Amino acid sequence: MSGLLERIAGKLRSYREPGYYTKLDHKWTMVIDLDKCNGCEACVVACYAENNLPVVGREECEKSRAFSWLRIERYVEGEYPDVKVKFIPVMCQHCMKAPCETGCPVYATYHNQDGLNVQVYNRCVGTFTCATYCTYDVRRFNWFTYKWPKPLEAQLNPDVSVREMGVMEKCTFCIQRIRSAKDTAKDESRPVKDGDIKPACSQSCPTGAIYFGDIQDPESVVAKLAKSPRRYRLLEELNADPSVIYLKRVMGDGTSSHE
Amino acid sequence: MKKLILYAVVGGIAFVIGYFVNDQFFSDRAPVQPINFSHKIHAGDNQIPCQYCHIYAERSRVSGVPNVKRCMGCHQIIKTDSPEIQKVASYWDKKEPIPWVKVYNLPDHVYFPHKRHVRAGVDCKNCHGDVASMARIEKVSSLQMGWCLSCHTKREVKNGHDCWTCHK
Amino acid sequence: MDKAVLGLFTYADELLDAAKKLEGSGYDITIFSPIPLGHEIEHKLGPRKNHIKYFTFIGSVAGLFFGLLLTLGTAAMYVIPRGGRPIWSITPTLLMSYETTILIGVMFTLMSFLFFSKLPSFSKKIYDPRINVDYFGLLIDGNLRGRYDEVERILRDHGANEIKRVEETEYNS
Amino acid sequence: MAPHHMSDNQTGDVISYKEVNDDVVRTMTETGKWYYIALAGAFSGFLAFWILPWAYQIYKGQGVSGLNTPDFWGIYLTNFVFWIGISHSGTLLSAILFITKTPWRRSIYRSAEAMTFFSVATAAVFIFVHMGRPWNFYWTMPYPNQRQLWLNFQSPLMFDVFAISTYATSSMIFLYFGSIPDLAAVRDRVTGWRKQVYSALALGWRGTDSEWHWLFKAYTFFAVFIIPLAVSVHSIVSWDFALSKVPGLAKTIFAPYFVVGAIYSGSAGIVTLMIIFRKAMKIEKYITLNHFDKLGMLLLVMSLLWSYINVIEVFTGWYANTSAENETLVYRMFTTPYAYMFWLMIVTNTLLPLLFIFKKCRTSILACLVVSLGINVGMWLERYLILTTSLPRKFLPYMWHDYIPSWVEISMTLGSFCFFAMLFLLFVKLWPSVSIYEVKEDIGIPMRKGGGHH
């Protein structure tokens, strides 16, 4: 009897835990080395291809409705000819304390056991709260029903659903790849290895600036890179605890980019 | 006032009856197939295991509809005089797939791997019912979200209530 | 069936005097008025109970618990962590409960009002449509057989404009 | 009938009880040509400016509006907050004045409460207008479902759903139960289909002392509940914005700011509406200059309060002195076109109402109309500025993008006014829009000996 009560009390106590999970299965983390990024946007193209993102055309882009889940922000410093251009790829930061998650009234966005900030497309009713609360402006909205011109609909990724009009979406860290990697690992009765999973952006980056892995695994590449002195996170002062770690670019004159 | 209530009650009852009539007789739970294939004969009387025909169930996300070759593998010899088998043979001669009507249809936003369920030891009957007694295949499960969840709860599936376990 | 006596008055104080007199003599009386006379009636005939407050209280408390149950219970039924917050967060829970406290409090008040005032009732009742314009009515009901004259005399003495013996009048439903 | 004694009488002339009934029933049964023209105008405006563009938006997608990636809310939520704000005076004021037994409440409260209910309805429609998939709106309602999935009660939007549905329900109950005796009075006067309708609506009210007794006990509790509820509703609306991390939105001052702003704009709405209403319905003897005098004082108080909080709101940003806050302030106050709107708002909401210091202005219908309309324009601009100058200037400058509303949004804004006008026009014909029994109370209880215990 007392054992049962203790179990119930333990359960109740666990509901008061911030973040709820006592231990995450994984904590997927992306490390982006800005020293290696040359702003080629191969990652953006890969993301379009992998995640069935529609190409909206020039007019819509001018209205700031471009669909890229991942964007390369360009900041130009100085006057010609003494110009410095800085790039920073920004995608969903998968915040551990994400403001968007508390905003959604219908649980369309939430945090899962892998430390991912997940968007469930077909639960979304489109209240825009998540996108408004997002401090990184990474959420994208399906303003229209987008159609793919005739032969292109055949290249859609079957592992990713094509989103309906009126639905919010965002970078998922290529969750379909994570899922299939975990599936394979399960079939082979082994844990997921470091390097099993490569999101489309990471896979396509010609300079290898984007690393992906489980930061809970101390042997993983990202865990090691995360200890780098060049490490910083975007808008860290807002206390959203993002899962994307940037490594500062060290300029020729010794100054560093951003911050 | 009383009349209004009466109308409302009669309307309500008519709606409920109509719903059940529609559900029982006019729904596509047991669609007519191009070939009058009987699971009762194959899986029931002849005890052919499910995965003899649905070969991908353990290996893939989909269980797979058997190709015409697999049908003809047996039916080149067995019961070749039956008119239904001759229909199968005609598809085989024309080199065309049989246009089976899909009964268990999941929406595009659902990720359902047969593999995981078969390997976890879920019996086919759990979802597809007692196929061995069905002359024409009939949908027995609602395939609604709550239906999936109640099974995940019962079997205490790890992360079984995580949205992205099943959604995509 | 007995008939009732309905006296119509122009002045409220006369009506109240008549009411006091008749009530003192042991008749069942009902006062009709086009405007609320609560204060005057209580002054004349003594205070009345207010049972609604208990229902309002019960409703509010029930609403509070309903809110707590809804927010905490549903959060526990399907655990979905979001925003690094606990599944059971105090602040939003209290806010939700605040709203349900008011909602269910209002609902209970409404129900108890309908219960006590016996509304809605669409059956035929003794009534005179002039009451809703500028007449005050005094209805003496119940065991009146043989005492009509006495009642009517009292009403007339107090200044009733019109006295009717009624079973059921022009009330339309 | 002899004239009764006149305590606290707010009405202009000596009116008999019968006259009140006659006048109110007249407003409902005698319909002039202009009424039909106005109703037809409002209805066609509602169809043309709201329903058609909305249907177009639902068919084509949210993209036909001017919304874009940083500013996802734009005019739709501006209108939502504006209409919720308008709703904040009727019922709230009515309840406060009821509890404090203020006599000038009696002839205006019914239509003010109706205004509350209709503007909440208008605001509620804007929730659906701004949703990406409005056909799934029922997912935001708590009910047991086969998905076993409930709602995120931590979400400010969920607070909204609860607060607004509670508010709409309570105001409707407040409005309806306050008018049952009047519905009965109307029932006794009319014939034909109206008789049927009002017999049902009046619930068989006879005016017995026990009915009055319980009605007033219940009504008092409704009034008591309505006051904190109204305050909570608009502070909850403010938390839709204030619970974010966006500079210019995430301000702790927002709750009182919004509540004060709501009462302010709502009172101005009442003034505007009453001016039109009394003129159109020829009931000047019930809604007198005395009412405008009192409402003018209220507007002056709210104007000063609003100005104070507005100053504080700028100050908190200025003292914080972070780049993001500064950017928002500069964008709002010194960048065209927002600078024009901002300073126009200051003129209409802070300077113009100062005219109400003079009794001459408070009792001049023209001055009241000008000032109250000015306040409503200013308050709409306030909500517009809050949303359109904060969201496009979030933290990452790369995503800065100005918001320009499209014709769909502007049309729906106009349409919402038509919708509100339509509802109100229907109301004045279908409902006793001046409280009969409370005006009678105002006239006084007829006593032969005089000197009741009033």
Side-chain angles (χ1 to χ4, degrees), chain A residues 20-21 23-26 28 50-52 92 94 101 104 106-124 142 145 153 156-164 166-167 169-189 191-192, chain B residues 50-51 54-65 67 97 100 102-124 126-127 141-168:
Chain A
Y20 184 67
Y21 303 116
K23 194 175 177 306
L24 296 170
D25 289 356
H26 305 274
W28 301 116
E50 170 73 18
N51 291 305
N52 300 343
C92 175
H94 290 266
E101 289 169 10
C104 181
V106 292
Y107 286 134
T109 182
Y110 72 102
H111 225 78
N112 81 352
Q113 281 272 351
D114 290 1
L116 289 177
N117 177 290
V118 181
Q119 175 78 14
V120 187
Y121 307 122
N122 67 307
R123 175 69 174 169
C124 178
N142 284 268
T145 303
E153 94 278 3
L156 290 173
N157 186 349
D159 290 339
V160 181
S161 58
V162 176
R163 277 80 58 185
E164 194 186 326
V167 168
E169 58 186 66
K170 65 170 190 68
C171 163
T172 57
F173 273 179
C174 286
I175 194 167
Q176 66 280 5
R177 294 188 177 201
I178 297 176
R179 179 151 63 191
S180 85
K182 286 208 285 194
D183 212 34
T184 317
K186 198 167 187 177
D187 286 343
E188 294 167 10
S189 334
V192 181
Chain B
C50 304
Q51 290 193 38
H54 301 285
I55 50 171
Y56 304 111
E58 206 196 359
R59 291 186 259 158
S60 158
R61 266 167 60 183
V62 291
S63 63
V65 176
N67 50 20
W100 298 109
K102 201 171 180 188
V103 180
Y104 288 85
N105 216 346
L106 282 169
D108 181 44
H109 56 254
V110 177
Y111 171 80
F112 178 82
H114 267 91
K115 175 169 84 170
R116 279 272 78 80
H117 292 81
V118 173
R119 291 193 182 185
V122 181
D123 200 359
C124 303
N126 272 17
C127 308
S141 336
S142 70
L143 301 187
Q144 281 178 315
M145 180 174 157
W147 174 79
C148 298
L149 278 174
S150 54
C151 190
H152 276 197
T153 314
K154 204 168 69 196
R155 290 173 162 265
E156 294 179 353
V157 179
K158 183 163 182 286
N159 294 349
H161 281 60
D162 185 33
C163 310
W164 261 77
T165 299
C166 309
H167 283 275
K168 65 171 188 182

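Values in this document were obtained by computation on a predicted structure and should not be read as measured data. The sequence lines fix the lettering, A, B, ..., with proteins before strands; numbering per chain opens at 1.
To the nearest 0.5 Å, atom CG of residue B:Asn159 and atom NZ of residue A:Lys182 are 6.0 Å apart. Rounding to the nearest 0.5 angstrom, the gap separating the CG atom in A:Asn112 from the NE2 atom in B:His161 is 15.0 Å.
With salt bridges taken as basic N to acidic carboxylate O contacts below 4.0 Å, one links A:Asp187 and B:Arg116. Note on A:Asp159 versus B:Lys168: no salt bridge recorded, every NZ/NE/NH1/NH2 to OD/OE distance being 4.0 Å or above.
Heavy atoms of A:Gln119 lying under 4.5 Å from chain B belong exclusively to its backbone. With a threshold of 4.5 angstrom between heavy atoms, A:Asn122 approaches chain B through side-chain atoms but not through N, CA, C or O.
Your options are A:Gln176, A:Arg123, A:Lys186, and the one with the most heavy-atom pairs under 4.5 Å with chain B is A:Lys186. For the options A:Val160, A:Val118, A:Ile175, heavy-atom pairs under 4.5 Å to chain B are most numerous at A:Ile175.
Residues B:His109 and A:Val120 are not in side-chain contact: their nearest non-hydrogen atoms beyond the backbone lie 4.5 Å or more apart. Between A:Arg179 and B:Trp164 there is a side-chain heavy-atom pair separated by less than 4.5 Å.
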Would A:Tyr110 and B:Asp162 satisfy side-chain contact (heavy atoms from CB on, under 4.5 Å), going step by step from the backbone distance to the final call?
CA-CA 9 Å; A:Tyr110 72 102; B:Asp162 185 33; 2.5 Å; yes
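Heavy-atom neighbours of B:Tyr56 OH from other residues, nucleotides or ligands within 6.0 Å: at or below the threshold of 12. Enclosure of atom CD in A:Glu188 by more than 12 non-hydrogen atoms of other residues, nucleotides or ligands within 6.0 angstrom is indicated.
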